[in-house]
Structure formats: structure tokens, C-alpha cells
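A quick write-up on the structure given underneath.
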Amino acid sequence: MVPTFKLFEHLYNFFAVRRTILFSVTALIVALSFLASSRLQLQEDIIAMLPDDSSSVARDFRLLQLAPFTRKLVITLKGGDPVDTAALVAVADRLAERLKAAGIENVMTGPANITSGFFRWLGASLPNLTTEKDLARLAAGSSPDEVRNRLRISFEQILSPEGWALKGSVQEDPLSFSSLALEKMQFLNMVPKMRLIQNHFVSADGKSALLVVDSAISMTDSGGSRDLLERINGAISTAVPAGMTATVVSGHRYTLVNADTIKRDLYVVLTISVSAVFAIYLIFLRSMSAVFVFLVPTSILAIATGAIALYDVNVFAVTLGFGGVLLGMVDEYAMLIYFSCRQGGKDPAAITAEVSRPVIFGAVATLISFGIMLLSSLPGQRQLAIYSMTGIVAALLMSLIVLPHLIKPLSGLKLPLNTSGGALRLPRRAVIAVWLAVLALCSWQSTNIRFNGELGAVSMVTQELRLAEEELAKTWGNMRGKALIFAEGADLESALALNDKLFALISGRIPAGDLVSLSPLMPSDALQRANRERWLSFWQNGRAAQLGRDMAKSGEVYGFSKSAFTQFLATLTTPPPATTLASLRAVGMGDLVDSLIIRSPGIVRVLTMVPDTPQVVSALSEEMKSLPGIHFVSQSRFGDNVGRAIIHDFSRYLTLTSALVIALLIVVFRSPSRVMLALVPVVTGVLCMLGIMGMLGIEFNIFNIAATILIIGLCVDYGIFMVCRLTEGSDHTTSRAVLVSGLTTLAGLGALALARHPSMYSIGITVLLGIGTGIPAALLVIPALCSKDTE
Amino acid sequence: MTRILFLCAILLLVAGTAVAVQTMKPDGSAALFTSLERTAGGVSTISSDFVQEKHLALFKTAMTSRGHFYFSKPDRLRWELTAPVSSGFVLKGDKGRRWHERTGRTETFQISQEPVMKLVSEQLFAWAKADFTWLEKEYRITVLQEAPAALRLEPRSAATAGFLHHLLINFSADGRYVRIVELHENDGDYTRIKFVNTVVNKPLQADLF
């Protein structure tokens, strides 16, 4: 026997006289693991499945978090029928007050900070903002005919009831040049179907009001999200009268729905899997020793969870959800030891050494499967790998070192349900024929399988949430679903200059209502300087003087005094100071500016938003590459990219895992036919899983791919056990071990298939189908093929 | 914003025909206010011509315009300029309509969705309903003369005081309607509106509104 396997014989003999120490140390490790597990904090968000490396997907995800409405909660207040807009606005105010009373301070019902000086400032800033195209319009707007027409309108406005209010603007801007500047404001409308009524955000149909809540609570914080939403719902219940409704949309709601679903699933899955595994043990083992076999995987759960807690206290819920899988997976080693030791007939130390060979090979194959996942850029996958590998190693050690000391041989008695005294024997040809037919059918059906790479396919989205999103988009336009373009610079000026280039490139193709950009209102210093110089040049050479004469002449007709427009004429040749962030903040544009200028250490980003449509995305993606420092992030494209990245990741792992497992089998068996035999459960499991899913119309998503790795890891164990048993003269306890451990695995994974969360369900259904077909292949097909092999 | 506040103040003045009569109770002039309140309470309609004089530095001389004003309790108002241009608006409940000779267009609007008109109507009806609490909250009111009554109203809010220095309101001898309103701005400009040919409680044609 190989020295490695003799080691376990020596270890058995060593601990045979020191069992108290062995059991105490084991109990201590389990207890400490429980203690470490108590530090865990559950994380239920999708971050587990998003790359955290330096890839473009990871960068895009970080950039998407900077979008104005990504971080905010939006509340749509809908009026009754008929809608009284005044009442709606009053309720919006009341709700804002109640929210503030509930500790939610940053609530906006409208652009409340815009000051009365804003429009004056806007008009005065015109020389800083005027483009070549604008000047052409000014030239037309200052022709003698147009001057006469505009002064007539100004005259009439002053006589109207509104005249008192308009006197100042008539003096400062009698020809309405500032309408050019006002047009630039269209590029700052982030809510397409919104208008301002009584300084409140009201929908175009006047039936809904909008409240925007800015919260410091991260969307990935489920506890904080729960508290926040409870406070918001409390405020809504006291502020919104019957007949009106308030709908909250934010990432926090998604987090909460996913967290609640996962928690419920964890409870259901772990309860059912532990109970089912225990029941299987009772049926097949029927011995007090079985309790110890059961304790191995359950202790492993504690040890693996404790190890993860030591690695990182923030544990993805999906990882713990995998506990059920691990429970069903690691018991096969204990099972093999149990049945072999229980069968007896030899020195327990020798039995342990003998069984250690298939157990170690099986464990190594599974470790390879999970070890490959450590290379993943997905944090959830890496954590899962650590969790599973720790569990497998612990299970291996516990099964080979501790468990043999806890099992008493039956001394001549038969094992429970061992009526035939051997593995189930069916007609060899029939088994092979049925197997080939099933493989052929599944291969054919697997071509029907549809792949869904969207993240949404593995995230819990309730009907209520879906409807809320649809209603939001219908009422306000697509305010949360815009594609983002970031102009990055080392400082504000360089970022603004790049943003100017970007705006020049895209503004002609995307209408103002769809394009959100700071450039028209806040160009870089360099562009402002160029604009001012162009403005001054435009009014030189007698143009300003001529305009003054035309205005005096036309003004006289309407009774305007000679000095009426002196102030206006002076501004044509006296440029204003540059527009700065401070000046924008001073007139109440601070919130808007802060939404579009995002500062990080060493980087300033200026955000532009465009429609996230396939046409715009495909047209702009290529062009953006010509502007260094510009990052284009499309939410729709991001989902596709994540899907592609994950598929690429897993495809690589599948290939690597398959190659390494085959390499291991070659090393272990050194015979092509035996290697092929050991692969029978894997090939059968994977093909049948794909075929049945294709047949049932179940979509294949990113979690199904992850679960495929599990199928390989588990089924190859069964293959190794069975080939070892059949070709190396092991007894029939192996078949029993494979059957019982397979059933426990199915119990653990079957429970996952009852989960409501798409990610857990996907893992459950995949492994259920793969293992459910892999076990019969191991128990029936390998012996059928093996008899030929050995003939 | 300036425009909105101005318009509110202006229409407040227009509506003040009934208002001013009812609300002042400063300086021991309770008897006057009680009398004005009782008198104004009996007014259900007002029909009047007006002459508006704009004394603005913007013009070489005072600019005069003419028009008609109609008011009917509880919620109807028509302000119509006839010379030198034709324009105006009507408020009726929550609905409104405005027109202009130059554009040749008439457009309807919902008062609650027009901030300016909403404030106008709010103030108008506050005066018509003799909402003293609201008026005293908005203005400091001084009685300049008891018979016929003359009041001076100074805005309390800084925002309104930014463009409006004070209002002068002169009532008719019987206290039933406003005869002259003057709006004095901070820069010395002022507008005077004289209501002439005023008829109180005459049935008004429904199509006026």
C-alpha cells in the first residue's frame, strides 16, 4: 500500500490509545467554529456575483453606482380621481415633513433652492455660454424688424397685469436674448416627463407628484434598508390620505426583497436538508453509530462557516445557502468509512487505510473543482470555494481520523437493507442500451436549452416591484435607466474640457430632452473664455452701436425713454465674470451640480446621461473610444457584459476542472478504460441535466453554470469509488456508500430546488438533475460496462 | 420667481377692492373695520372700468391704458385691457382662460397648475371672504384716513418687500368698493389704477366668465 494511505493506519493506531484527546480536540475545534460563526454578517445582494477585479465590468459597476438616481429613493405620489393638483402638492409637502420627522432629512419635493436671482444670473451669463450657432441666432434676433417686434411685445407685457413683474427683465433683456440661455437649461432636465408646479415636481398630466429622498444608507445594507423603508412607509401611512397612493422605488427595496427571500430559503433549505439527511441515515444505517456519521457533515457545516468567518465576517447568503449542498456532499467520505468499518472483518486500522484511497482521490477531485473557483473574479465564487474546500478537507480528516474510532463492527451481522449481499444487478445489455438511449435523447434535447445571461434572471424581483418600476417609467419617463458617460480628469477644469468635447460630439444627434449635460450651462474655463471673446468680437465693428440706434428708434414709437435700455446695451460690450461652481451654487443649482460632478481622490468626473437604447448605445460605444478619459456605461449593456464575463469565467473553469479531473483520473487509474468508466457519472449527469432542462424549457443561467462544476466534482467521486471497488476488489459496501451518500446529496439539493430565490433554485434544480442521473449511472452503468472491461 | 411674486401682489391689489374694506383693525380703528367688513360682506358683484397709469422710468411719460374689471362672488374674476392693446384673463373656480390680441390666441389653464394664477386666486378669494388672519399675516396695515377709508399696506415678507414698497388703497365714500389702488415700487416707479363707473351688485352676464 502507498505510504500516504498507510499514514491513516498509523494514525488510527496512534489515536486508538488516545481517544479522549482526539475527541476533545475535535469537539474543541467544532465549538470554536461555532463561536467564530457568531461573528458572521449576512450579505444578500448581487455583489456576490459581480466581478471585483480591474475588469471593465467591475469598473462599470462602480461607475453605475454614481448615477444620480441609483443612490436615491423616489416616491411617486398619485392623486385620486379627479386629481386636485393643489391637494397633491400639499400632501407632497406633508409627506416630506413626516419623512423629516422620521429622521429622513434629505427630501426634495421640487427645486426649492432655485433663487429669485437665477434667471437674471442666467441672462447675464450668456456671453460665457454663447456658441457660434447661438451668435447666428442673435444676429437674426437683433435685426431692425425683430427689434421693433420685440419692443412691441415688451411694451404690451408691461401694460398687462404681469407687467409689474416683467419690468426688470424688459430693461435688462428687451430683445429676449436670455431665451438662448434658458434653452440650455433643457439639457439639465433629469426627469423627462416632469414639470414644475408651485415649485414642486409634478408629472406632465398633473396627476402625480415626485419626492426624491437622498439617504446615506447603502443599498447593499439590508438591515439599514429595512429600517429606512419602515420609516418611509410609516410616514406615508400618516401623511397620504385615502384615495391617494405613494409608491417607493429604489435599490433598497430590491435588497430587502432579496434578503427576505434568501433568509426564508435558508431556513427552509437547511431545515429540510438536515431532516432529510437524518431520515436517510435512520433508514439505511439503523445504528447508534449512524449518529456519528451524521455528526460529521453537520460539524463540517460549523467548521466551514467558522473558517469563512475568520476569512471575512461579511458572508454572502448564497455561500451559506450552499451549506445544504455541502452537507449532502461531504457525507460520502464518512459513509464509505462507516459501511467499511461496520462491515468489519478486518483490523479497523487496515480498513481505514484501504478506504482512504478512494476517499482521498474523490476528495482531491472535488477540491480541484472548487479550487479552480479561487481564480474567479466573482467574490461570491471565491468565498464559496473557500467554504467548500474547508468543508471537504475537514470532512476528509474527520472521516479518516476521527470517525473510525466511533464505529463498531457488526461482527457477522448483515448491514441493514443488505438483502442481496451485493450491488443491484440488472441485465448488462439492457442497462447499457437504456443508458445510451437516455444519453442520445438528452444530447438531442440539450440543443434546445436557452441561455439567459442577465443578472435579473438570478435576482428576486417581485411582481409588485416590477409594476412599480413600470409605473415610474410611465409617469416620469426613463429617469433611472439612462446610459452614463463620464468625462474624467485630474481636476475640474480638465474634466469639464473633456465634457465639452463630448457634448460637441453628441449634442447634434440626441435631442435636449433626452440628453442631460452640464456643458451648455457650465463649460470649462477655456471654452467660456473663447465664448466671451467671440461674443465681444461679434458686437464690435459698430454692431452694438447700430443696435442701440435701432432700439432707440423703435422704442420711441412705444414711448420708451432714451435711457431705457442703456443697461442692456452696456452688457453687450462688457462681458460678465466667468461662470463658476460657486456662482451656480449661489443661485440654487448646487444639488444639480453635485449630481453631475462627482469627485473622488485624484479624479473629477463630469456625468452626461443619454437614452439607454440599443441604437444610442451601439452608435456611441465606438465613438467614445476616440476620446481618452471618457467612460461610457450602459445599464443594459452592463447586464450583458456581466453575463458574458461570468460565462467566460465559468467556461474557463469548466474546461480547467474537466482537464484536471481527467488528469487526476489518469494518475489514479493509469488505464484509459478505467478513466472512461470513472467519467461515466459525470458525462451522464451533465448531459442529462442539460437535456432535461432543455426538454422542460428551463433557462440556463449563471448559477446553473456554477452548479455544473458541482456536478463534475460530485459525480467524479462516485465514479472513482465505483471503479476502485469494481477493479480493485473492494466489497459491496462501496455501492451502498455511493447510494446513501447520493441520496443525502439529493436531499440537500432537493431542498434547494424548493427555494424561491432564483439563484438558489437554479443551483438546486441543476444539481438535482445532474446528481439524480449521475448516481444511477455510477451504480448501474459502471458495473455493466465494467464487467466488459474486466472480461 | 420675481415675476410670480409681482403678479401675486398686483392681483392682490385688484382683488383688494373688497378686501381692504374688511380686514384692518389697527390702532383702535375697530369701528371702521367692523363697518367696512359689514359693508364688503354685502357685495356680491363688482363691475368697473379702470384707467391704469404707469409712472415708470422706462417710459418718457406716464403710460396710460384702459380696461374693464368684473368680480363675482365666490370665485369669478375678469381683468380685461382694451386699450392700447386688447388682452386679459378670466378666473373661474379652478379654471382660467387668457387671451391676447397680438397672438390672436385664447388658452385655458388650470389655476392649481399655474403658480402665478393660483396665488392670484388664493389672495383674491381670501380678500373676498374677509380672511383677516391671512391678510394681517401678509401685510402691516395702516389706516391713513377713516372717511372715505384710505389704507397703506406694507408687505411683511422680505421676498415681497424686495419689489414692492407699499400699497395705497382708497375706498369709495360708502366703503363698498376700492376707488384707487397705487403700487409703489422700491425704485420710485409706481402704478396707479383708478376704478371708474363702478357698479356694485349688478347682475353680470354669465359669458363674462
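Here is the naming used below: chain letters follow the sequence lines, and residue numbers restart at 1 for every chain.
- Taking non-hydrogen atoms and a 4.5 Å limit, the residue list of residues 141-149 of chain A in contact with chain B is empty.
- Remark: side-chain polar atoms of A/T475 are paired, donor with acceptor, to backbone N or O of A/E471 under 3.5 angstrom.
- Most heavy-atom pairs under 4.5 Å with chain B, from the set A/G559, A/G555, A/A87: that is A/G559.
- In this structure, CZ in B/F71 is found 13.0 Å from OG in B/S47, a value given to the nearest 0.5 Å.
- You'll find the side chain of B/F59 reaches within 4.5 Å of the side chain of A/I158, heavy atoms only.
- Other residues, nucleotides and ligands contribute at most 12 non-hydrogen atoms within 6.0 Å of the NZ atom of B/K202.
- Expressed to the nearest 0.5 Å, how far CZ of A/F187 lies from CG of A/L518 amounts to 12.5 Å.
- Side-chain N/O atoms of A/R150 and A/S176 include a donor and acceptor closer than 3.5 Å.
- A salt bridge links B/E80 with B/R78: the distance from a Lys NZ or Arg NE/NH1/NH2 to an Asp or Glu carboxylate oxygen falls below 4.0 Å.
- Only the side chain of A/V170 comes within contact range of chain B, with heavy atoms under 4.5 Å apart.
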